[in-house]
Each structure stands twice: as structure tokens, then as C-alpha cells.
Asker: 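The structure is given below, and queries will be raised subsequently.
Chain identifiers are assigned alphabetically (A, B, ...) following the order of the sequence lines, protein sequences preceding nucleic acid strands; residue numbering begins at 1 within each chain.
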2 protein chains.
Amino acid sequence: MSKIHLSTLKGFNDYFSEDMIIREFVVEKFKTIAKKYGFEGLETPALEYTELILGQSGLEAEKLYYRFQDNGGRDVMLKYELMTSMCRAVAQNINSLVFPYKRYQVQPVWRAENIQKGRLREFTQMDIDIIGSSSMYTDSEVLMIGVEFLNELGFKNYKARISSRKILEGVLEFLKIEKEKFTDFYITVDKIKKIGEENVKAELADRGFSTKDIEQIISILNTKDIVELESTIGTTETGKKGIEEVKEILEILQASNIDNNKYCFDITLARGLASYTGPIWEFEVIDGGVGSVSGGGRYDNAISKFVNREVPATGTSFGLERLVQIIKDRKMGEFSKTNIEVIILAMDKEYLNIAIDTASILRNEKVNTMIFPTTEKINNFLKYADKKSIPWAIIIGETEKNNDVLLLKNMSTSEQFVVKKEDVLKKIINK
Amino acid sequence: MSKIHLSTLKGFNDYFSEDMIIREFVVEKFKTIAKKYGFEGLETPALEYTELILGQSGLEAEKLYYRFQDNGGRDVMLKYELMTSMCRAVAQNINSLVFPYKRYQVQPVWRAENIQKGRLREFTQMDIDIIGSSSMYTDSEVLMIGVEFLNELGFKNYKARISSRKILEGVLEFLKIEKEKFTDFYITVDKIKKIGEENVKAELADRGFSTKDIEQIISILNTKDIVELESTIGTTETGKKGIEEVKEILEILQASNIDNNKYCFDITLARGLASYTGPIWEFEVIDGGVGSVSGGGRYDNAISKFVNREVPATGTSFGLERLVQIIKDRKMGEFSKTNIEVIILAMDKEYLNIAIDTASILRNEKVNTMIFPTTEKINNFLKYADKKSIPWAIIIGETEKNNDVLLLKNMSTSEQFVVKKEDVLKKIINK
């Protein structure tokens, strides 16, 4: 017995009442907004064939897989992200789905990461994606939803930084650097916010970029205004396309009356994933302390390669635990410790009927009501209600039973009321 | 490329829009009722140390584990059920939790089962449990919630069959059969509904029960009325206690005004799990074709053995996929194929603003609205709306733009209306 670890695995958490209230609040907001914009639900399995995911997320990622052989000898793994699994589901159902297809998905994923604040091994992604349209309206919509979602959660100081893989490709094209170096390039550029300009220069040099190219790259990366880029990388085919696309997104966002402090063009954003092909973005809560809370972009080839037909796609992924972490750290919103609103004590087994009737009246009006399961001394009962932070307590003793009333106590003010069973609801709701 | 399996693993499903609508409906009902009765949310990890679960669920079950070594060499497994994981979480937090502790939990579990209708390898359990009270009121409450939940889902013909492990123990005590045979006994009795009386007799004989004992066992198992049992097994200590407990549950259910067709005492129910110690039950949808939809009971030792202190517990587990299967098979309820209520087409890119404004008006009133992401021919657009079963379509063409109106089409009746943007909501809601 004593040998059994009474613990979760490292990076795996239990979530109790208070956490669950915040988690469910965030997930509910996300789903409601996604539905409002016409997204439909999707769930895919926790386990997938490894071959599906292998090679999708880079060698570094593969070290983080929860991969094993199942009882049937299949090479399987816990899903690393929702996107690849969704692409598989879409490709598999390509003939029955109607495109454009818009789905939201809220499910856990697993990565054997080193653990640090806001970085778990099991965490929940909240994704929206629009499949089957190349229109920049879809990218813009994904961004609009991100802004609406963060607003609704009560965030004030956040920003969507927007760039494009095509613009980054344009940099290489403009400088006449070989296409083969693109992965080296964007992986390095992606670190500029974290490691700074000097380290990016050094890394680019290590990766074989010439001093002259590096100077020009850094100079271009310092361009804040997208229009200015037209004179340099805008002269290349890919760069021009990338600039046009991002400008179109920015125009649609402006037409949507979104506060223009909430988004900006940022050429230094590159995003690590190999699958991006066009616009990319990250949502960052300023001073949130947990990195970005959402990242996404366009990935026009991820599904196409399974089905031999064009299936453009775009989307974004929010991290539930990171959002909850900031909400908790900043004590945003007024979250109760418990969803129990009223607790009832029958001081004698014979009064249990009265407790059940009273609970019934309250529950019919959606008041969450717990009946204390045994008789108990009033003090112990009130101590319980207090420890659990339950706002209202009802006591049914001999006096109450004989006079056909209830003793109602407001746990935060300590006020007591003697009320008829039928009136208890009014008292609680009016308070 | 062509070698990649575009399929889920056997027994693992994708759930698209229509399924998700029913799944979310069922889960939402479950959570709402659980909260109404004062249960709080809990989530535990998908992976646990294997040693925690090993030996909890019987040798047969162990063959069904998804068990492997993680990158750190830990012997881990995907959780087989929610209960053991919850017991671990409770034991681990024994000093911070306040008892009685009531929690609901809705999460997937994994079993490498042979696949058949309503039996998947990944499925979702919806559990409620009350920890830290021996009161029969808690068992009764779990049953009340089960009845309310099935009622709310629209089921009419279902039944909770209730028995007790103590009553079954009483049978052996009464017949003076060794206690060691109890597991053999209840595992065999548990099959009586499936394999019939004769096969149970044969199996009991195989397991070493005497012909005389078998005759008496079968005679007792044929007792329908709990009061009749008092003259036989009620004369034993354990049997008496078991009968008292079940009678108390039946009384509380009666006092709660629950239709007494919805529950009954059934001594032949035994439930396979080793952990049960008192009252046990199953909810069965009559002619549902998927076996029981919920099973549970009291398990007073499951947590205690981790923490060296008494922690009585009771609860029940509903199977989401089984409930959804019956709801779909019987076409219960009116579920839409999609949650999209309105779809809007801007026939020219220049009218996208009008589409966004119109969508905004609708979304503000919680009408789920999709903007078609590109310009499109009206016929193709209407075909899309039709295929997706979206009830309302809005078209913004040149005429509409010039006259500051929208063309609104009811997709089921084919009626068309020319309306002002501000009036579109009224038209849709009134219909």
C-alpha cells in the first residue's frame, strides 16, 4: 500500500472546484463565440496512429511524443496538437463534409515538455479553423474572434501580432538567398523577441548567412510599417502577395470596427510550425507572464497532401491553462470557490422530507442546493458551510418544523431570517 | 504519402457537428443537474501511474489497459475509469478537501475492448460521487439525480435496479458458505440477466458450490420483495444490515415523490467491480439495446486504503456514448444537424461591410451567424445553405445594397423577404 504514489505524473494536474469554475467559464465563452460565428463542434480521439503525426511537427517535437505500441502492436501516440488530428478527420471525410467547413474543438493534448510556469504536459487547446477557403476574410474572422474572446474574458491589454510566411519568404527572395535556407531563417527570426537582435544575428551567421545578408535582414526586420516594405520585398512576387494579403486582413479588421490597438503588423513574428503557408499571428497578453495565449495562421497544404486536391485552411489555437493562469494571477472576474449556493441541514432524520421539498423549490429555479447528508450540530454545519464558502445556509430544527418555517442564514453577513418555505427563494434572490 | 492510414484507430471515433450537438446537450444537462444538487467539478489527468490502478479492476480488466513506459521510464496508463483517479485525487488532497465532498466529472476513459455496438475503446464517463458520508441519503440522492437526468433527456421507459453487496454476502452467511467464495459468487450472479438461471447454476457448480447450496441460492435470488428476505438472510448480521440500508434508500426515494415505476429492488443485480461494499444499482433503458446506461454503488474502502482513515463513498457513472446512441437510434428530441442559424452572402467584396454589420446585429442577440467567406453565385450559395441545413440565408447583391435592404430567405419554406438590416432579427425570431 504505502508504495503507491499518491500523486499525479509531473506536468499533469487535477482541477478541483475553484479551478473548474474558471475553466468552464473560459471554455463556455470560447464555444459560445465560436458558435456565434458559425463554427460547428468537432472531437477527435486522444490516440492516433503515430505515422499520421510523425514529421508534421519537427524533430524537436518528436522527442516530446507520448508514443507507444498498443495491445494490437499498433504504433500509436497521444495527440500532440488538435490540428493534425482535425486535418486527418477532414481528409478522411472529404466527400461528406461541405466546404467551407468551420469547426471549433476543445480537447486536451500531450507533450512531454520540461515543466515551467504555464507549460504542462497535459493541456487543453481551444481551436477554431476554417477549411476550404483561400479568402483573407477567413483569416480576418479568426482574428476578430480572438479579439472578441479576449475582450469577453475581461482582458484589456493584449495584442494580436500579424505577419505572413510569404513576407518572410519575400525577404529571402529580395536578397536572392537560396529557398533552401527558409526553414533556418524563420526558425531563427522567430526567436528575436526572446533572445534579441544580437543573438539572432549570431545564429544566422552560424546557420551560414553572410554578414551582408544579415545586416539587410535585420534592417528589413526593423521595418514597422507594412507599406514601407513595398519598396523592398514588395518588389518580389512572393513578398508582394504576402503584403497584399496582410493589408487585406488589416482592412477587414478596420471595417469590423475593432479597436486598432488590439492588432498590429509585426514582421519579426515567424511562428515555429512547418505547416504555415501565408498569414500568421500570435495573441499576447501584455505582461501576462506566460508567453502567447494563442497562435495560428494559414496552412494551405496540410490537408491537401492527404487528399490530392486543394484544401486551403486557416485557424488559431488558444491555450486554456495559460488563460486561466493569468485570470487567477490577476484575480480577474469574481469567481466563487464553489458553485453551491445554498446548503440545508435537517437536524433530525424526520425533517429530511422538509429539506428535500425546500431543495426542490430552489433547484427548480436553478439555485444550486446541497442537502447536508446527515444530522449534525449547528456549529459544525455552519463551519462546513463557511469552509466551503457557501453563501446561504438553511437550518430545519424542531422549532422550524413545528412552526412550518425555515431558519435562513446569510453566511457572509451572518444575518438570520425566519421564513416560510415558499418565501426562501425570494429572500435569496433579492439579496 | 499513400501509406498513411487516413483512419481513426478501431474503437476511436471522430464526432462531427450533428453528434457534437447531441453530445453537448447530454453533457450540459448532466452538469446542470449535478450542480443543482451541489456537486462541484473535478478533472483528473488522462495518464496515471499504472500501480495506482493495477489490482483495482480485476485481472480481466488488466488485459484492456493502455499501458506503456513514458519517456522518463515511468509505468503509466490511460485511465480505465474515472473512479480510481478521483479516489487518488481525494486521498492526495485529504487535508485540504472539506468532507462530505461531492464532485461531478465528465472525461474520456480508455479500454482496449472488443468492439461492438455501444462499446468503444475511447468513451466518455459522466460521474457523480459523494465522498465522506455513510448516510443512505447520499446513495438515494445519487439515484434521484439519475432519475431526474434520464427524465430530462426525454427517456420514458427506464429503471434503476437496486441491490446491495451486503444482501449478497448475507446469502452466503445464511447458507454458511465460506466468505472466500464471495467473489466467485457475485461475479456469477452478476451474469444471470445475460446468461440465464440454468447457466448460472452450471457456473456456480463449476466454481465448487454444492447442489444443495445452488438450489437455495436460486430460490433466494427469486425473491422479488425485499421484506420477504427478512425471514431468510435477514436473520444474518450482514444480510440484515443490507436489507435495512436498501429499505432506507427506497423510503427516501418514495419521500422524494419519484415515480415508483422508475426504481425497484432486484437481488439478482451484483455488479462486477471488486470495490463495492454496500448498496449497488444499475440504470437500464428498457429496450435500449446497449445494456445499462449507468452503474454505481457504495465503495467505502476504496479511498480509505490509501489514507489510513475512514472515507466512505458512493456514486454512479453514466456512459455518454450509450445515451447518445439510444437518443439517435430512437430519434428522440429535435436536434439540428448544425448550430448555424443564419448564413450571409455578400455578392461583391464591397458589400462585405454590410454582411459584417448584419452578422453583428444577429450575433449580439446570440443568433449563430456565418458569413460566406467569398463572393459566390446565388445558386451555389443556396445549395451550400441547403446541404448544411442552415435555416436562414441572407443575400446582399447590388439591388439590396442600393436600396439599403437585405434579401432574407427561409430555407425550409423557400419564402423570401426584403427587409431592412434592423428588421432582420425580428423576422427570424418571429418565424
Asker: Please rank A/Met20, A/Glu18, A/Lys36, A/Met86 by heavy-atom pairs under 4.5 Å with chain B and give me the top one.
Answerer: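 Of A/Met20, A/Glu18, A/Lys36, A/Met86, A/Lys36 has the most heavy-atom pairs under 4.5 Å with chain B.
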Asker: In terms of heavy-atom pairs under 4.5 Å with chain B, which of A/Lys366, A/Lys10, A/Lys349, A/Glu141 leads?
Answerer: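 Option with the top pair count is A/Lys349.
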Asker: If you count heavy-atom pairs under 4.5 Å between each of B/Val307, B/Asp357, B/Leu362, B/Leu78 and chain A, which one has the most?
Answerer: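 Sorted descending by pairs with chain A, the first entry is B/Leu78.
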Asker: Between A/Glu341, A/Arg121, A/Arg23, A/Met370, who has the most heavy-atom pairs with chain B when the cutoff is under 4.5 Å?
Answerer: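 The candidate making the most pairs under 4.5 Å is A/Met370.
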Asker: Given that the side chain runs from C-beta out, which part of A/Glu248 has a heavy atom under 4.5 Å from chain B: side chain, backbone, both or neither?
Answerer: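 Side chain only.
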Asker: By a 4.5 Å heavy-atom criterion (distance strictly below it), what part of A/Leu352 contacts chain B: side chain, backbone, both, or neither?
Answerer: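 Contact with chain B involves the side chain of A/Leu352 alone.
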Asker: With respect to chain A, which residue among B/Ser360, B/Ala359, B/Ala46, B/Ala34 yields the maximal number of heavy-atom pairs within a distance under 4.5 Å?
Answerer: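 Top option by heavy-atom pairs under 4.5 Å: B/Ala46.
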Asker: Sort A/Val342 into side chain, backbone, both or neither according to what part of it lies under 4.5 angstrom from a heavy atom of chain B.
Answerer: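 Contact with chain B is absent: no heavy atom of A/Val342 under 4.5 Å.
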Asker: Need one label for A/Met136: side chain, backbone, both or neither, based on atoms under 4.5 Å from any heavy atom in chain B.
Answerer: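 It is neither, since no heavy atom gets under 4.5 Å.
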Asker: For residues 106-113 of chain A, run the donor-acceptor check on the side chains, cut-off 3.5 Å, and write out each pair with its distance to 0.1 Å, sequence neighbours left out.
Answerer:
{"residue": "A/Gln107", "atom": "OE1", "partner": "A/Thr44", "partner atom": "N", "Å": "2.9"}
{"residue": "A/Gln107", "atom": "OE1", "partner": "A/Lys79", "partner atom": "NZ", "Å": "3.1"}
{"residue": "A/Gln107", "atom": "OE1", "partner": "A/Gln105", "partner atom": "NE2", "Å": "2.9"}
{"residue": "A/Gln107", "atom": "NE2", "partner": "A/Thr44", "partner atom": "O", "Å": "3.1"}
{"residue": "A/Trp110", "atom": "NE1", "partner": "A/Glu122", "partner atom": "OE2", "Å": "2.9"}
{"residue": "A/Arg111", "atom": "NE", "partner": "A/Tyr80", "partner atom": "O", "Å": "2.9"}
{"residue": "A/Arg111", "atom": "NH2", "partner": "A/Tyr80", "partner atom": "O", "Å": "3.2"}

Asker: Using non-hydrogen atoms only, which part of A/Phe123 is less than 4.5 Å away from chain B: side chain, backbone, both, or neither?
Answerer: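 The answer is neither part of A/Phe123.
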Asker: Applying side-chain contact (heavy atoms from CB on, under 4.5 Å), name anything that partners A/Asp19, two or more places apart in sequence or on another chain.
Answerer: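 Once residues adjacent in sequence are excluded, the partners of A/Asp19 under the side-chain contact (heavy atoms from CB on, under 4.5 Å) criterion are A/Tyr15, A/Lys328.
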Asker: Let's test your reading of the structure: which of B/Val367, B/Leu52, B/Thr338, B/Leu64 forms the most heavy-atom pairs below 4.5 Å with chain A?
Answerer: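 Heavy-atom pair counts peak at B/Thr338.
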Asker: So which of B/Arg67, B/Glu40, B/Lys102 has the largest heavy-atom pair count under 4.5 angstrom toward chain A?
Answerer: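 When all of B/Arg67, B/Glu40, B/Lys102 are compared, B/Glu40 has the most.
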Asker: Heavy-atom cut-off 4.5 Å, strictly under: side chain, backbone, both or neither for A/Ile33 against chain B?
Answerer: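 Neither; nothing under 4.5 Å.
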Asker: Between A/Asn308, A/Ile356, A/Thr374, A/Thr8, who has the most heavy-atom pairs with chain B when the cutoff is under 4.5 Å?
Answerer: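 Sorted descending by pairs with chain B, the first entry is A/Thr8.
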Asker: Using a 6.0 Å cut-off, check whether atom CD of B/Glu152 has over 12 heavy atoms from anything other than its own residue.
Answerer: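 Buried by this count: over 12 neighbours within 6.0 Å.
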Asker: Might you work through the salt bridge (Lys or Arg N to Asp or Glu O under 4.0 Å) test for B/Glu28 and A/Lys31, ending with a clear yes or no?
Answerer: CA-CA 13 Å; B/Glu28 190 51 38; A/Lys31 286 188 181 175; over 6 Å; no
Asker: Looking only at heavy atoms and a cut-off of under 4.5 Å, which of A/Ile340, A/Asn353, A/Asn257 has the most pairs with chain B?
Answerer: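 Of the candidates given, the most pairs with chain B belong to A/Ile340.
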Asker: Which answer fits A/Leu97, side chain, backbone, both or neither, if we ask what part of it has an atom under 4.5 Å from a heavy atom of chain B?
Answerer: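 A/Leu97 touches chain B through side-chain heavy atoms alone.
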Asker: Relative to chain B, which segment of A/Asn13 carries a heavy atom at a distance below 4.5 Å: side chain, backbone, both, or neither?
Answerer: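 Backbone only.
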